[in-house]
Participant: 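I'd like to ask some things about the structure below.
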Amino acid sequence: MLLSLIIPCFNEEDVLKLFMERTSAVVKTIREKFGAETEYIFVDDGSSDTTLRILRDFHAENEAVHYISFSRNFGKEAAMYAGLKASAGDYTAIMDADLQDPPELLIQMMEILSENRADCAAARRMDRKGEPVIRSWFARRFYSIVNRSKDPDLVEGVRDYRMMNRQMVNAVLSISEYNRFSKGIFAWVGFRTEWIPYEHADRAAGKTKWSFRSLLHYGIDGLIGYTVKPLEIAAWLGLIFFGLSMIGILFIIVRKLAFGDPVAGWPSLVCIILFCSGIQLFCTGIIGEYLAKVYLEVKNRPVYIVQETDQMLQKL
Ligand code: UDP
Ligand code: MG
C-alpha cells in the first residue's frame with residue numbers, strides 16, 4: 001500500500017525542515033499501523049528563495065522524496081494538480097507546507113480510508129478565530145452565494161487538506177480545466193466525504209502568500225469558475241427592470257392623457273438613467289468575467305510548466 005503526500009511549496013525555505021521532522025514521525029506511525037509506505041511529492045511553485053535547493057537535498061537524503069519544480073509561480077491550484085498527476089499512491093493526501101494542517105490528522109484520515117468508511121477524508125476548520133472580521137464576512141457571503149446554485153454545496157471552512165482514494169483522485173484528474181478551483185472540483189466529483197473538524201494552527205514559520213486582495217480575487221474566480229449563478233442573477237435583474245419600466249411607461253402615458261404634458265421630472269429622469277446604466281454595466285461586467293474565463297479556457301494552455309524534476313518523476 002502506498003500513500004502519496006502532495007505538498008505545494010512557494011517560498012517555504014523557513015518551514016520545510018520543520019515540516020519534514022514533524023511529518024516523518026507521522027509517516028513512521030502510518031507504516032507501523034497500516035503497513036503503508038509513503039512517498040512525498042513536493043511541488044515547488046516557482047519559489048524565488050532556496051526552496052528548490054532544500055528539496056533537492058531532501059531527495060538526495062531520502063529516495064521517498066520527489067519534487068517537481070515549475071518554471072514560474074503558477075499558483076497553488078496548478079501545484080496541486082501537478083502533484084495529483086505525479087502521485088501513484090493508493091491514497092493521496094494534499095497538505096500545506098506551513099504546518100497549519102497538522103500532519104497528525106493523516107493518521108485519522110488513513111483510518112477512515114482504509115476502513116472504507118469514505119472515499120475522502122477532509123479537514124474542516126471549525127472557527128475563523130484570529131481572522132480579520134471583514135475577511136470572515138466576505139468568506140460567508142461567498143459560501144451563501146455559491147450554495148444557492150444547483151451544483152453540490154461547498155461546505156464552509158473546508159481546506160484543501162484532505163486524503164482521497166485512487167478512484168477519487170482519478171476523477172479529479174479527469175477534470176483538466178484551466179481555471180481550477182479545487183474546492184469546487186472536490187465537491188463536484190462527489191464520492192463519500194468524511195469531515196474531520198480541527199483547530200486551525202498558526203503558521204510554523206514564513207508568512208502567508210495571501211493578501212486580502214488576492215483572497216478576494218480567489219473568491220470571485222472560485223465563484224465564476226464553480227457556478228453560473230451570477231449570470232442567472234443578471235438575467236433576473238434584467239427581467240425585474242423590464243417589469244418596472246413597463247409600470248413606469250404606463251404611469252407616464254396615463255399621466256400625459258389625464259394631465260397634459262407639463263415639462264417636469266428632469267431630476268428623476270437623470271436618476272433613472274444613471275441607475276439603469278449602472279445596473280447594465282454591472283451585468284455586462286458579469287458577462288465579461290465569464291467571457292474571460294471562456295477565452296482562457298479555449299486558448300488551451302497548459303495549467304503549469306515543469307522546469308525540473310527528480311529522476312523518478314521524469315517520465316511524466
Ligand atoms: N502556495 C503555492 N503557490 C502559491 C501560493 C501558495 O504553492 O502561489 C502554497 C504554500 O507554499 C503553502 C500553501 O500553498 O504550502 C498554502 O499557502 P499559505 O500558507 O500562504 O496560505 P494560507 O494557509 O494562508 O491560506
Ligand atoms: Mg498557510
Side-chain angles (χ1 to χ4, degrees), residues 3-8 19 22-23 26 29-30 76-77 79-81 83-84 87 89 91-149 151-165 167-169 171-172 175 180-204 208-210 214-216 218-219 221-223 225-227:
L3 168 67
S4 305
L5 281 186
I6 297 167
I7 309 111
F19 172 88
R22 242 179 92 186
T23 309
V26 174
T29 315
I30 287 180
K76 189 184 173 187
E77 295 289 339
M80 290 193 288
Y81 183 54
L84 285 177
S87 73
Y91 303 118
T92 300
I94 301 174
M95 61 194 299
D96 287 0
D98 57 9
L99 292 173
Q100 276 185 309
D101 302 335
E104 291 73 24
L105 278 187
L106 287 174
I107 301 171
Q108 221 175 319
M109 292 180 175
M110 202 63 192
E111 249 161 40
I112 293 173
L113 289 198
S114 61
E115 287 168 17
N116 199 15
R117 267 152 54 196
D119 303 294
C120 170
R124 182 178 173 201
R125 251 179 104 163
M126 293 319 279
D127 59 65
R128 290 189 166 270
K129 264 204 313 268
E131 194 182 62
V133 183
I134 179 121
R135 187 174 291 188
S136 315
W137 187 85
F138 270 102
R140 277 199 302 275
R141 288 290 77 66
F142 172 78
Y143 286 108
S144 79
I145 298 180
V146 167
N147 289 343
R148 226 169 276 166
S149 68
D151 302 291
D153 276 4
L154 296 188
V155 177
E156 200 165 336
V158 290
R159 304 271 309 163
D160 294 319
Y161 186 25
R162 59 181 63 225
M163 191 187 286
M164 296 171 276
N165 64 15
Q167 207 183 3
M168 180 155 171
V169 171
V172 170
I175 299 175
R180 302 190 73 75
F181 176 59
S182 291
K183 289 185 176 73
I185 293 175
F186 294 142
W188 190 88
V189 295
F191 295 102
R192 294 166 300 161
T193 301
E194 191 165 320
W195 302 104
I196 306 176
Y198 81 112
E199 289 262 333
H200 203 53
D202 282 335
R203 216 171 208 286
T208 177
K209 313 299 177 303
W210 296 92
S214 61
L215 270 178
L216 194 64
Y218 177 67
D221 277 350
L223 192 67
Y226 187 59
T227 150

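For reference, positions follow the sequence shown, starting with 1. None of these values were measured; they are calculated from a predicted model.
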Participant: Going by the rule side chain to side chain contact (heavy atoms under 4.5 Å, CB included), which residues pair with Trp195 if we only count those two or more places apart in sequence or in a different chain?
Facilitator: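 Partners of Trp195 by the side chain to side chain contact (heavy atoms under 4.5 Å, CB included) criterion, ordered by chain and then number, come out as Ala122, Arg124, Val155, Val158, Arg162, Thr193.
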
Participant: Taking the basic N atoms (NZ, or NE/NH1/NH2) and the acidic carboxylate oxygens, is any pair closer than 4.0 Å for Glu111 and Arg117?
Facilitator: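 No, no charged N to carboxylate O under 4.0 Å.
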
Participant: So how far is it from Met163 CE to Ile6 CD1, rounded to the nearest 0.5 Å?
Facilitator: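 Met163 atom CE to Ile6 atom CD1 measures 11.0 Å (nearest 0.5 Å).
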
Participant: Once rounded to the nearest 0.5 Å, what's the spacing between atom CG of Asn165 and atom CG of Asp119?
Facilitator: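 Reported to 0.5 Å precision, the distance equals 4.5 Å.
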
Participant: Quick check: closest heavy atoms across Tyr226 and Ala187, and the distance to 0.1 Å?
Facilitator: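 Closest approach of Tyr226 to Ala187: OH-CB, 3.9 Å.
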
Participant: Please determine whether side chain to side chain contact (heavy atoms under 4.5 Å, CB included) holds for the pair Trp188 and Lys183, giving the CA-CA distance in whole Å, both sets of side-chain angles, and the decisive distance to 0.1 Å.
Facilitator: CA-CA 9 Å; Trp188 190 88; Lys183 289 185 176 73; over 6 Å; no

Participant: Distance from Gln108 atom CD to Glu194 atom CD, nearest 0.5 Å?
Facilitator: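 Rounded to the nearest 0.5 Å, the CD-CD separation comes out at 8.5 Å.
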
Participant: Identify the two heavy atoms, one from Val26 and one from Pro103, that lie closest to each other, and give their separation to 0.1 Å.
Facilitator: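 Reported closest heavy-atom pair: CG1-O, 3.5 Å.
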
Participant: Looking only at non-hydrogen atoms, find the nearest pair between Met80 and Pro8 and report the distance.
Facilitator: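 Minimum heavy-atom contact is CG-CG, 4.1 Å.
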
Participant: What closest approach, in Å, do Gly89 and Ser4 show between heavy atoms, and which atom pair accounts for it?
Facilitator: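 Closest approach of Gly89 to Ser4, heavy atoms only: N-OG, 2.9 Å.
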
Participant: Of all heavy-atom pairs between Ala123 and Tyr198, which one has the smallest distance, and what is that distance?
Facilitator: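 In terms of heavy atoms, the two residues are closest at CB-CE2, 3.6 Å.
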
Participant: Just how far is it from atom CD1 of Ile7 to atom CG of Asp98, taken to the nearest 0.5 Å?
Facilitator: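 Those atoms lie 12.0 Å apart.
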
Participant: Taking the side chain as every heavy atom from C-beta outward, state whether Tyr91 and Met110 have any pair of such atoms under 4.5 Å apart.
Facilitator: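 Heavy-atom side-chain distance check passes, below 4.5 Å.
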
Participant: Answer yes or no: is there a donor N or O on one side and an acceptor on the other, between the side chain of Glu77 and the main chain of Ser182, under 3.5 Å?
Facilitator: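 At least one qualifying donor-acceptor pair exists.
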
Participant: Quick check on side-chain contact (heavy atoms from CB on, under 4.5 Å): which of Thr92, Leu113, Val189 does Met168 satisfy it with?
Facilitator: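 The residue from Thr92, Leu113, Val189 that satisfies side-chain contact (heavy atoms from CB on, under 4.5 Å) with Met168 turns out to be Val189.
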
Participant: So do Asp101 and Ile94 actually touch side chain to side chain, heavy atoms under 4.5 Å?
Facilitator: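 A side-chain contact is absent here, since even the closest heavy-atom pair is not under 4.5 Å.
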
Participant: What distance separates Phe138 CZ from Leu216 CG, expressed to the nearest 0.5 Å?
Facilitator: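 So the CZ of Phe138 and the CG of Leu216 are separated by 5.5 Å.
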
Participant: Checking Arg22 against Glu104 for the side chain to side chain contact (heavy atoms under 4.5 Å, CB included) test, could you report, in this order, the C-alpha distance in whole Å, the side-chain angles of both residues, the deciding distance, and whether it holds?
Facilitator: CA-CA 9 Å; Arg22 242 179 92 186; Glu104 291 73 24; 2.9 Å; yes

Participant: Quick check: do Leu106 and Leu5 have side-chain heavy atoms less than 4.5 Å from each other?
Facilitator: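 They are in side-chain contact.
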
Participant: For Asp96, give me all partners under salt bridge (Lys or Arg N to Asp or Glu O under 4.0 Å), at least two apart in sequence or on another chain.
Facilitator: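 Per chain and number, Asp96 pairs via salt bridge (Lys or Arg N to Asp or Glu O under 4.0 Å) with Lys76, Arg159.
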
Participant: Are the side chain of Thr227 and the backbone N or O of Leu223 linked by a donor-acceptor pair below 3.5 Å?
Facilitator: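 Flag not set: sc Thr227 to bb Leu223 has no pair under 3.5 Å.
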
Participant: Determine whether the aromatic ring centres of residues Phe186 and Phe191 are separated by less than 6.0 angstrom.
Facilitator: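 No, too far apart.
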
Participant: On the ring face of Tyr81, is Arg180 found with NZ or CZ under 6.0 Å from the centre and within 45° of the axis?
Facilitator: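 Yes, a cation-pi geometry.
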
Participant: Can any side-chain N or O of Tyr161 pair as donor or acceptor with the backbone N or O of Pro102 at less than 3.5 Å?
Facilitator: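 Yes, because the side chain of Tyr161 sits within donor-acceptor range (under 3.5 Å) of the backbone of Pro102.
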
Participant: Is a donor from one side chain sitting under 3.5 angstrom from an acceptor on the other, for Arg192 and Asn116?
Facilitator: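 Looking only at side-chain atoms, Asn116 and Arg192 do form a donor-acceptor pair, the distance falling under 3.5 Å.
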
Participant: Report the distance from atom CD of Gln167 to atom SG of Cys120, rounding to the nearest 0.5 Å.
Facilitator: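 Nearest 0.5 Å value for the CD-SG distance: 12.0 Å.
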
